[in-house]
Every structure is written in C-alpha cells, then in structure tokens.
Amino acid sequence: MEENTNTNVPSNFIREIINGDLETNKYQGKVHTRFPPEPNGYLHIGHAKSICLNFGIARDYNGLCNLRFDDTNPAKEEVEYVESIEEDVRWLGFDWEDRMFYASDYFEKLYEFAIQLIKEGKAYVDSSTADETKDMRGTPTESGKESLNRNRSIEENLKLFTGMKNGEFEDGAHILRAKIDMTSPNMHMRDPVMYRIKRATHHRTGDIWCIYPMYDYAHPISDWIEGITHSICTLEFEIHRPLYDWFLTELHLENRPQQIEFARLNLSYTVMSKRKLLELVQEGYVTSWDDPRMPTISGLRRRGYTPESIRSFADKIGVAKRDGMIDVALLEHTIREDLNKRALRVMAVLKPLKVVITNYPEDKSEDLDAINNPEDPSMGKRILPFSKEIYIEQDDFRENPPKKFYRLYPGNEVRLRYAYIIKCNKVIKTDAGEITEIHCTYDPETKSGTGNTRSVKGTIHWVSAKHAIKAEIRLYDRFFVAEDPLADKDKDFKDLINPNSLELLNNCRIEPGLTNVKPGDKFQFERQGYFCVDLLSTEGKIIFNRTVPLRDSWAKIEKKQ
RNA sequence: UGCCUCAUGGUGUAAUUGGCAACACGUCAGAUUCUGGCUCUGAAGAGUCUAGGUUCGAGCCCUAGUGAGGCAACCA
C-alpha cells in the first residue's frame, strides 16, 4: 500500500509507522494529525517543520490535519498569538478547513473525565503546598514519597474537587493528581498534577473556570476527542508518553491515538527557543518579532522567504529521532532555488560610484531592452534608460586590481549589462585621494542586441544617474557569529550576536521601473542577491531587505589571495 | 549512579527490511555565460561509535561497552 504520492519527501520513520498501521488497519485506514501550538508566542521555522510534517502527512495519505490551540495556561496565552499563528500557518500554504479547535473547547469534557477518574480511585486532591509537592517527588535517582492526602476517600476527593471548580479555595490550595506510582523511575508518573487552581482570565473562556487542566492530562484526551490517529510531537515529550497512554487506558477509551516523537529543528547561527527569542525582542536586540533577522515565520516572511522555499526546506531536512543541527546554507539554498525561477531581474547599485562617459552626447538618452528573467522567457522584457552619466558599484572598480579581477580598472574594458562596452581612462580624486568619479569612453559599435561579437571578460550592472531613483537597502547577515550560540553554557548567547548583522545603506540607486513597488515584492538585483520590499516601505521612501546574497565565487577567489 | 532515547561523508537524511552504502546541501575543479548568478560535467569526502557474536553475507539481528541528548513547573 503506497500512499505516499509526494516523491520529494524521502521515507522516514513516521511514515513507516503509518504504513504499518495502514497494513494492520489499526485506525480503519484513517490518518488524522494535528498541529497543536500553545498561543503564547510567535511561530518560528522549527514550528514550520512540524506544520509541514503534520499537514504534509495528512495530504499524502488522504487524511486530515487539525489546527489546535493548546490553551490550558491562561497566564501565558493571548488572542494576539492565536491570530498570528493562524496567519502564519495559512501563509505557509496549509488549510485546516473547519477544523480549528482549542483545548479549551474540551474543558467541560475534561472535567467530567476527571470526576470519573476520582470515582474510580485513580485521582485525588492533594492539599500540599507546591514546595512540599516538589520535595516529595524525589529526584531522577531517588524515588518519591506518597502524600498524606493520597488516601482520601472518594467522597472527600469529589467534594474538594467540586469545591476547587466552584472557586471555594485560594489559588494553590489544592491540586488534583493522578494516583499512579511515586516510586516510578519516570518522574512524570509520580502522581502528576492534572488540575491546578489559577485565577486568570482565559482568552476564550474568560472567568468561567478557575481550575485549569495540565498539558499531560489535556493533550491525550484532546487528541482522542478529535479522532487523532498519530499525535506527533518533539523528542522532549518522549518521557511523557507512558503518561499519555495511562490516561487513555484508565479512561477506557477506544481508538486511542499514538504519540510519536521526532527531533526538533536546530538551525546554525540562530536560536530557536521562544524564551530566547522573546528576550531578543524585549531587550531590543531586534526591532520586533518580525525583524528580518529573526527565525520566526513572520521574520522570514519579511526577510523575503517564500512559503514554497520553507516547505521545500522542511522536505529536505527530513525527520528523525536524533537531534542535530541544520546548516542555514540549506535554507539559503532553498530560497535561492525558488527565487531564481521566479524573481524579476533588476539593476540596483548599492554603493554608487559615478561614471562619466566622455564621448557620449550630453543630452542623449536611449531606451535599452533588458530581459526580465533568463530562466523564464515568458516574463518578457523591460526598458532601461541609458545616458552619459551612470552609477556603478564601488566594488566594481579598483584602481589597483588584484589578480583575476575582471571588472573596471584604469585601461580596462567591461561591458555594461544590456548596454555598451566601456573603457576606463581616468580616475578623478579629491585632494585627499578619495575617488569621486571615473571617466570612460564607450564603443558605440557594441550596443547589446545588435549582434556585435566583441566580448570582454567582465559585465557589470549600472543605473543611469539622472533616471535612477533612490532607495534604502538593508543588508542582513547571520544574526550570531557562533554556529551554535548556546554551545558554551558559561556564555550569554547575546554576547555572540553578530555586530554586523544589519548594514543599512541609504544612498542606493535603483532602476526607474521600480518606482511603484509594493511591500513583499521580490527581485533579483543582478549580480548581488535577492531582495524584497520591506513591510514599511512607502512610495516616498522605498526600503529593500536583502533576503540572501547570490553565490559569489569571486568573493572566494579574492579571499584566497 | 536511576529511567527514556539516539549514534551512517563537513552537515542533514536514505539504504528494496540481511545482499555492491545513495541523495541533497556544502567543498574543489572544469565547461558555458552580456549576472564571477543559473545550468552542465567531473572530483574529493563515510565503509556506518567501539569490541565481540550469529550468518555464505551485517549499517540493519544479538551481547557488552563508549559517547551524546532528555527527565525532578501547580509550563507546554
């Protein structure tokens, strides 16, 4: 039974499990997954892995995937996060149709199940303090001790738990615990907490409840209620699985979902934990959750990443149980791969150097043809104005060229892309020796598209000085200097922030056709990289973010020298 | 001195379930090129953590080690 129709995705252990379940007809041929974020922060690329995994499996096996908000802790959760999560999942290209749920949808049912467990003697109310509970739990190597309240009568437990629900007690006065085994080598089985009293306004249920279920209790039941077959989560929950199964067993539930754990994503040169990302935002190391240097979905979106590139990345990294670290180079590869096919080519000069073409008529200007995307002829052509004074990239001129430098230097010729071959005759400098402009002559016989066969080693980009428009361009680089900013536990990861992660250029010149760009528009600036119009860009002030530079083999050659 | 899990080129995943270790990224070289991009061609790079065992045959099965990660919120 080969249900996997997506040939881009290599086999993985989760698909093996599903294939096995399909063969044994464990779930009557059904495959139903879910993506269950807690709405307490913004989604990041690690979540994208999980989203692509869960929705991807549902798609490939003709199954379903739910979006479920795991909102059992009102102290940390907000609607703002719910909304951003919905937006991000949708943006990534996935559809939960009418299956958006909340753990809080099941508060009533969860409460009834808790009563059932109390009645069967499998749960009890403990009135110990939090500290006492902690002390009694033992350590990984020493077993715990039973609470004095462990043997309360069912009637008393019922009365107390009802009282907890009805608001008769202070926060922290009691908890409801599952009666399992205080000597278990698995700490999570030592009478885990099922409910705590917490007076906090829940973003959906308001003040209706003052007791809230814990994750370990709510999650298996929520999965079961929704008919989830494969409950996929990250490795740190592995040790919770016996508890997940315990609740389902003790509640006598049929068609039980199974929890499967995979390794979370670690990406080099960044951090992924919500707490650390929050720290970066709150302490002003970045401007916001969607700062283009953030590994959040919204940050990547603003940086210029496409949903397609992120999905392709998720497919390429695979799924396994061993934790490792993925090289950002792979992420960068997927966005280049995607944008290479689709992005309009355009000329932009980031650090302008004026070139005067001395033998070109003063008032003349020409309209030149430029190809929009050599990878896709259907994208057509555009017109580029040319005139006597142009700007080229400062990096494309050297007064004293190193070996293998094919660009402009005194006495050398280069082709101006889509225009003419020019020759550098003179370098104009200030008294201080600073180069202010270059004087060149052009060869009128070498106009692009005229069939002239004379060729030179280098081709450089340019814009016409009097036609070009100004723009601000933000060059982003990796946010940390260390591959794993958390590797050294004695060091604060914030000390490893790359001081040059943002280079702001506000004197850039871009071709005039770009006057009306809109936030989110994506381009390849020829020879430089992929750029995207920033969220805050306006007609009066155009702002571009560099998504990723082009691969640059010259930079490698130069570095070697 | 516990319990759970994991171990395959630099990185990340595969390996028809016991049959010549493959793919992608990265790296290097070359070809092509009006983008030092793309594309194309080729190369280097692991003999599968270690030691035993079973077998005609082991990355895969068994035993014992070693190393790494996780587990002691009224967080998820």
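Each chain gets a letter, A, B and so on, in the order the sequences are listed, and its residues count up from 1. Heavy atoms only: backbone and side chains are in, while hydrogens, waters and symmetry mates are out.
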Next item on the list: Please state the P separation for the pair B:C4 and B:G12 - nearest whole angstrom.
Entry: 26 Å
Next item on the list: Classify the side chain of A:Arg322 and the base of B:U5 as holding, or not holding, a donor-acceptor pair under 3.5 Å.
Entry: no
Notebook entry, point to check: Hey, does A:Ile460 reach any base, or is it just sugar-phosphate, or nothing, if we go heavy atoms under 4.0 Å?
Noted result: nothing
Next item on the list: Please work out if A:Lys560 contacts a base, only the sugar-phosphate, or nothing of the nucleic acid, heavy-atom cut-off 4.0 Å.
Entry: sugar-phosphate
Notebook entry, point to check: Could you state the CG-P distance from A:Asn266 to B:U13, rounded to the nearest angstrom?
Noted result: 10 Å
Notebook entry, point to check: How is A:Phe405 classified with respect to the nucleic acid when contacts are heavy atoms under 4.0 Å: base, sugar-phosphate, or nothing?
Noted result: base
Margin query: By the 4.0 Å heavy-atom rule, please label A:Arg336 as base, sugar-phosphate, or nothing.
Written below: nothing
Next item on the list: Looking only at side-chain atoms of A:Pro374, point me to the closest of B:U5, B:G37, B:U13.
Entry: B:G37
Note to self: Looking at A:Thr33 and A:Asn54, would you say the former's side chain and the latter's main chain have a donor-acceptor pair under 3.5 Å?
What the structure shows: yes
Note to self: At 4.0 Å (heavy atoms only), tell me whether A:Tyr418 reaches a base, stays on the sugar-phosphate, or touches nothing.
What the structure shows: base
Notebook entry, point to check: Looking only at atom P, what distance separates B:U5 and B:C74, rounded to whole Å?
Noted result: 24 Å
Check: Glycosidic conformation of B:U17, syn or anti, with 90° from 0 as the boundary?
Finding: syn
Margin query: I'd like to know if A:Gln524 reaches the base of B:U35 with its side chain such that a donor and an acceptor end up less than 3.5 angstrom apart.
Written below: yes
Next item on the list: Can you tell me, in whole Å, how much space there is between the C1' of B:U50 and that of B:A68?
Entry: 15 Å
Next item on the list: Please step through ring-ring contact (aromatic ring centres under 6.0 Å, His included) for the pair A:Phe386 and A:Tyr420, ending with a clear verdict.
Entry: CA-CA 10 Å; A:Phe386 182 78; A:Tyr420 299 94; 5.4 Å; yes
Note to self: I'd like the P distance from B:G42 over to B:A64, given in whole Å.
What the structure shows: 47 Å
Margin query: So A:Val319, base contact, sugar-phosphate only, or nothing? Heavy-atom distance under 4.0 Å.
Written below: sugar-phosphate
Next item on the list: Describe the nucleic acid contact of A:Arg415 in one word from base, sugar-phosphate, nothing, applying a heavy-atom distance below 4.0 Å.
Entry: base
Note to self: In whole Å, I'd like the distance from the CG atom of A:Asn12 to the C1' atom of B:U13.
What the structure shows: 10 Å
Next item on the list: Indicate yes or no: does A:Asp552 engage A:Lys556 in a salt bridge with an N to O separation below 4.0 Å.
Entry: no
Item checked: Distance between P atoms of B:A21 and B:U63 (Å, rounded) -> 27 Å
Check: Would A:Phe247 and A:Tyr217 satisfy ring-ring contact (aromatic ring centres under 6.0 Å, His included), going step by step from the backbone distance to the final call?
Finding: CA-CA 7 Å; A:Phe247 283 117; A:Tyr217 173 64; 5.1 Å; yes
Next item on the list: Report yes if a side-chain nitrogen or oxygen of A:Arg417 is closer than 4.0 Å to either non-bridging phosphate oxygen (OP1 or OP2) of B:G37; otherwise report no.
Entry: no
Margin query: Checking understanding here: a glycosidic angle within 90° of 0 is syn, the rest anti, so what is B:A73?
Written below: syn
Notebook entry, point to check: With a 4.5 Å heavy-atom cut-off, do A:Phe13 and A:Val319 have their side chains touching?
Noted result: yes
Notebook entry, point to check: Between A:Arg551 and B:C38, is there a side-chain N or O to OP1/OP2 distance below 4.0 Å?
Noted result: yes
Notebook entry, point to check: Has A:Lys556 got a side-chain N or O lying under 4.0 Å from the OP1 or OP2 atom of B:C28?
Noted result: yes
Next item on the list: I would like to know whether A:His44 and A:Thr296 meet side-chain hydrogen bond (donor to acceptor under 3.5 Å, both in side chains); could you show each step before the answer?
Entry: CA-CA 4 Å; A:His44 54 62; A:Thr296 50; over 6 Å; no
Note to self: Just the rounded figure in Å: distance from C1' of B:U11 to CG of A:Leu331.
What the structure shows: 14 Å
Next item on the list: With ring-ring contact (aromatic ring centres under 6.0 Å, His included) as the test, would you mind laying out the steps for A:Phe531 and A:Phe523 before giving the verdict?
Entry: CA-CA 5 Å; A:Phe531 292 75; A:Phe523 301 92; 9.6 Å; no
Next item on the list: Under 4.0 Å between any heavy atoms, over every strand shown, what does A:Glu337 touch: base, sugar-phosphate, or nothing? Just pick one.
Entry: nothing
Item checked: Presence of donor-acceptor pair under 3.5 Å, side chain of A:Arg527 and base of B:G36 -> no
Item checked: Ion pair check, A:Asp396 and A:Arg527, cut-off under 4.0 Å -> yes
Note to self: Would you say A:Thr306 and A:Ser309 are linked by a side-chain donor-acceptor pair, where the criterion is simply a distance under 3.5 Å?
What the structure shows: yes
Next item on the list: Test side-chain hydrogen bond (donor to acceptor under 3.5 Å, both in side chains) on A:Thr201 and A:Asp207 and set out the steps.
Entry: CA-CA 5 Å; A:Thr201 302; A:Asp207 296 315; 2.8 Å; yes
Check: Under 3.5 Å, is there a donor-acceptor pair between the A:Lys423 and A:Asn412 side chains?
Finding: no
Item checked: Heavy-atom protein contacts under 4.0 Å, nucleotides 69-76 of chain B, coded B base, S sugar-phosphate only, - none -> SBSBSBBB
Notebook entry, point to check: Hey, which of A:Arg34, A:Glu226, A:Arg241, A:Glu261 is the one that makes side chain to side chain donor-acceptor pair (under 3.5 Å) with A:Ser231?
Noted result: A:Arg34
Next item on the list: Answer with base, sugar-phosphate or nothing: what part of the nucleic acid does A:Gly449 contact at a heavy-atom distance below 4.0 Å?
Entry: base
Item checked: Selection from B:U35, B:G36, B:G12 that lies nearest to any side-chain heavy atom of A:Ile326 -> B:G12
Check: Taking the same atom, C1', in B:A7 and in B:A51, what whole-Å distance lies between them?
Finding: 16 Å
Next item on the list: Take atom NE2 of A:His333 and atom C1' of B:C23, then tell me their distance rounded to the nearest Å.
Entry: 13 Å
Next item on the list: Return the value, rounded to whole Å, for the distance between atom CD of A:Glu483 and atom C1' of B:G26.
Entry: 12 Å
Item checked: For B:G47, glycosidic torsion class - syn if within 90° of 0, otherwise anti -> syn
Note to self: Using a 4.0 Å heavy-atom cut-off, does A:Arg190 contact any base of the nucleic acid, only the sugar-phosphate backbone, or nothing at all?
What the structure shows: nothing
Item checked: Integer-rounded Å distance: B:G12 P and A:Leu330 CG -> 11 Å
Notebook entry, point to check: Where does RNA chain B pair, written as one dot-bracket string 5' to 3', with Watson-Crick or G-U pairs under 3.5 Å, ( ) inside the strand, [ ] for crossing pairs and | for another strand?
Noted result: .((((((..((((.....[..)))).(((((.......))))).....(((((..]....))))))))))).....
Note to self: Rounding to an integer number of angstrom, what distance separates B:U27 and B:A46 when you compare their C1' atoms?
What the structure shows: 15 Å
Next item on the list: Answer yes if the side chains of A:Glu332 and A:Tyr530 hold a donor-acceptor pair under 3.5 Å, and no otherwise.
Entry: no
Next item on the list: Write down the distance separating the P atoms in B:G59 and B:U8, rounded off to the nearest Å.
Entry: 15 Å
Item checked: A:Leu384 CG - B:U35 C1' separation (whole Å) -> 14 Å
Item checked: For atom CZ of A:Phe262 and atom P of B:U5, their distance in whole Å -> 18 Å
Notebook entry, point to check: Toward the 5' end of RNA chain B, which comes first, A:Arg241 or A:Tyr530, by nearest nucleotide?
Noted result: A:Arg241
